[in-house]
Peer 1: 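Input: one structure, supplied below.
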Amino acid sequence: MKTLNFITGNKNKLAEVQAILGDTVEVQNRAIDVPEIQGTSEEIAKEKCRRAAEVIGGPVLTEDTALEFHALKGLPGPYIKWFLEALGHDGLNKLLDPYEDKSAEAVCTFAFSSGPGAEPILFQGRTVGKIVAARGPTDFGWDPIFEYEGRTYAEMDKQEKNQISHRYKALSKLKQWLAETTV
């Protein structure tokens with residue numbers, strides 16, 4: 001396979017995926033509206049992928065990102081997009097005010113389907129960090145509040161982040177699979 005249809009409307013995610021996958025495969029962007037179900041990150045990723053493959057009528061790659069606060073037993077998890085939209089960075093921090101434990105896990109789950117009716121294959125990456133007051137540029141989701149080894153994702157340059165992030169870890173698994181598989 002030489003081309004992947006990555007289903008996203010998020011230009012920042014697209015740029016990261018293209019940078020991390022490099023010349024392994026050409027990543028084309030297809031922005032389609034796929035309803036998101038409620039469930040685990042894995043269930044959401046698989047269903048999103050199934051529906052996208054039906055709409056596109058061919059191979060697709062979808063992604064679901066979660067931010068799991070350990071003190072909240074995994075919440076907001078795959079619903080981080082809506083929590084961030086409703087509460088902002090400060091509000092997310094306030095959720096953890098009653099707790100000493102500020103640790104969190106960034107989770108990225110990519111799902112690949114070779115086409116309509118094909119069972120999606122998952123590639124997941126996880127990075128453990130902690131939730132801090134926002135630092136750095138605020139133009140990419142929750143990056144300003146997720147700290148890894150002393151700096152937030154937002155404080156890192158893109159190349160550095162793309163070598164350690166949850167997205168990088170998931171895409172490394174995808175790259176390996178693509179190298180070993182003929183689709």
Peer 1: Of the non-hydrogen atoms in Tyr148 and Val128, which two are nearest, and what is the gap between them?
Peer 2: CD1-O, 3.4 Å
Peer 1: Do the non-hydrogen side-chain atoms of Ile37 and Arg51 ever get within less than 4.5 Å of each other?
Peer 2: yes
Peer 1: I'd like a table of donor-acceptor pairs (distance under 3.5 Å, sequence neighbours excluded) in which one partner is a side-chain atom from residues 131-138, with atom names and distances.
Peer 2:
residue: Arg135; atom: NE; partner: Glu155; partner atom: OE1; Å: 3.2
residue: Arg135; atom: NE; partner: Glu155; partner atom: OE2; Å: 3.1
residue: Arg135; atom: NH1; partner: Glu147; partner atom: OE2; Å: 3.1
residue: Arg135; atom: NH2; partner: Glu147; partner atom: OE2; Å: 2.8
residue: Arg135; atom: NH2; partner: Gly150; partner atom: O; Å: 3.3
residue: Arg135; atom: NH2; partner: Glu155; partner atom: OE1; Å: 3.1

Peer 1: Is atom OH of Tyr168 surrounded by more than 12 heavy atoms (other residues, nucleotides or ligands) closer than 6.0 Å?
Peer 2: no
Peer 1: Atom CG of Leu67 and atom CD1 of Ile145: how far apart are they, to the nearest 0.5 Å?
Peer 2: 6.0 Å
Peer 1: For the atom pair NZ (Lys158) and CD (Glu16), what is the distance rounded to the nearest 0.5 Å?
Peer 2: 7.5 Å
Peer 1: Between Arg50 and Glu47, is there a side-chain N and carboxylate O pair less than 4.0 Å apart?
Peer 2: yes
Peer 1: Okay, side chain of Lys11, backbone of Thr8: is any donor-acceptor separation there less than 3.5 Å?
Peer 2: no
Peer 1: Flag the pair Lys173 / Phe110 as yes when at least one side-chain heavy-atom distance between them is below 4.5 Å, and no otherwise.
Peer 2: no
Peer 1: CG of Leu14 to CZ of Phe6: how many Å apart, nearest 0.5 Å?
Peer 2: 7.0 Å
Peer 1: Is the number of heavy atoms from other residues, nucleotides or ligands under 6.0 Å of Lys169 NZ greater than 12?
Peer 2: yes
Peer 1: Is a side-chain N or O of Glu43 found less than 3.5 angstrom from the main chain of Thr40, in a donor-acceptor match?
Peer 2: yes
Peer 1: Can you give me the closest heavy-atom contact between Gly58 and Pro116, atom names plus distance?
Peer 2: N-CD, 3.7 Å
Peer 1: Is there a path from Leu4 to Val17 through hydrophobic residues (I, L, V, M, F, W, Y) whose side chains come within less than 4.5 Å of each other?
Peer 2: yes
Peer 1: Please report the interatomic distance CD1(Ile32) to CD1(Ile7), rounded to the nearest 0.5 Å.
Peer 2: 4.5 Å
Peer 1: Nearest heavy-atom pair of Pro78 and Ser41: which atoms, and what distance?
Peer 2: CB-OG, 3.8 Å
Peer 1: Measure the shortest side-chain to side-chain distance between Ile121 and Trp177 over non-hydrogen atoms and say whether it is less than 4.5 angstrom.
Peer 2: yes
Peer 1: To the nearest 0.5 angstrom, please state how far the CD atom of Glu160 sits from the OG atom of Ser165.
Peer 2: 11.0 Å
Peer 1: Look at Asp143 together with Lys161 and state whether they make a salt bridge at an N to O cut-off of under 4.0 Å.
Peer 2: yes
Peer 1: Is the shortest side-chain heavy-atom distance between Thr65 and Arg167 below 4.5 Å?
Peer 2: yes
Peer 1: OG1 of Thr3 to CD of Gln28: how many Å apart, nearest 0.5 Å?
Peer 2: 5.0 Å
Peer 1: Check step by step if side chain to side chain contact (heavy atoms under 4.5 Å, CB included) holds for Leu84 and Trp82.
Peer 2: CA-CA 5 Å; Leu84 178 58; Trp82 291 277; over 6 Å; no
Peer 1: So does Thr109 get a backbone contact from the side chain of Asp64, meaning a donor-acceptor N/O pair under 3.5 Å?
Peer 2: no
Peer 1: Under a 3.5 Å distance rule, please check whether Gln18 uses its side chain to pair with a backbone N or O of Val27 as donor and acceptor.
Peer 2: yes
Peer 1: Could you pull out the closest heavy-atom pair between Thr62 and Ala52, with the gap in Å?
Peer 2: CG2-CB, 4.0 Å
Peer 1: Look at atom CD of Glu119 and say whether more than 12 heavy atoms of other residues, nucleotides or ligands are closer to it than 6.0 Å.
Peer 2: yes
Peer 1: Assess the pair Phe83 and Trp142: is the distance between their ring centroids shorter than 6.0 Å?
Peer 2: no
Peer 1: Tell me whether Glu63 is salt-bridged to Lys13, with the criterion being a basic N under 4.0 Å from an acidic carboxylate O.
Peer 2: yes
Peer 1: Please report the closest heavy-atom contact between Gly9 and Ala31, naming both atoms and the distance.
Peer 2: CA-CB, 4.2 Å
Peer 1: If you apply the rule side chain to side chain contact (heavy atoms under 4.5 Å, CB included), what do you find for Leu21 with Leu171, and how did you get there?
Peer 2: CA-CA 7 Å; Leu21 288 178; Leu171 287 171; 4.2 Å; yes
Peer 1: Mind checking whether Leu174 and Leu61 have side chains closer than 4.5 Å, heavy atoms only?
Peer 2: yes
Peer 1: If you compare all heavy atoms of Ala111 against all heavy atoms of Leu122, which two are closest, and at what distance to 0.1 Å?
Peer 2: CB-CD2, 3.6 Å
Peer 1: Side-chain heavy atoms under 4.5 angstrom apart, residues restricted to Ile, Leu, Val, Met, Phe, Trp, Tyr: same cluster for Ile80 and Tyr99?
Peer 2: yes
Peer 1: Taking the side chain as every heavy atom from C-beta outward, state whether Arg126 and His166 have any atom pair closer than 4.5 Å.
Peer 2: no
Peer 1: Would you please indicate yes or no on a ring centroid separation below 6.0 angstrom for Tyr153 and Phe146?
Peer 2: yes
Peer 1: Side chains of Val55 and Val34: closer than 4.5 Å at any heavy-atom pair?
Peer 2: no
Peer 1: Can Lys73 and Glu68 be counted as an ion pair, charged N to O under 4.0 angstrom?
Peer 2: no
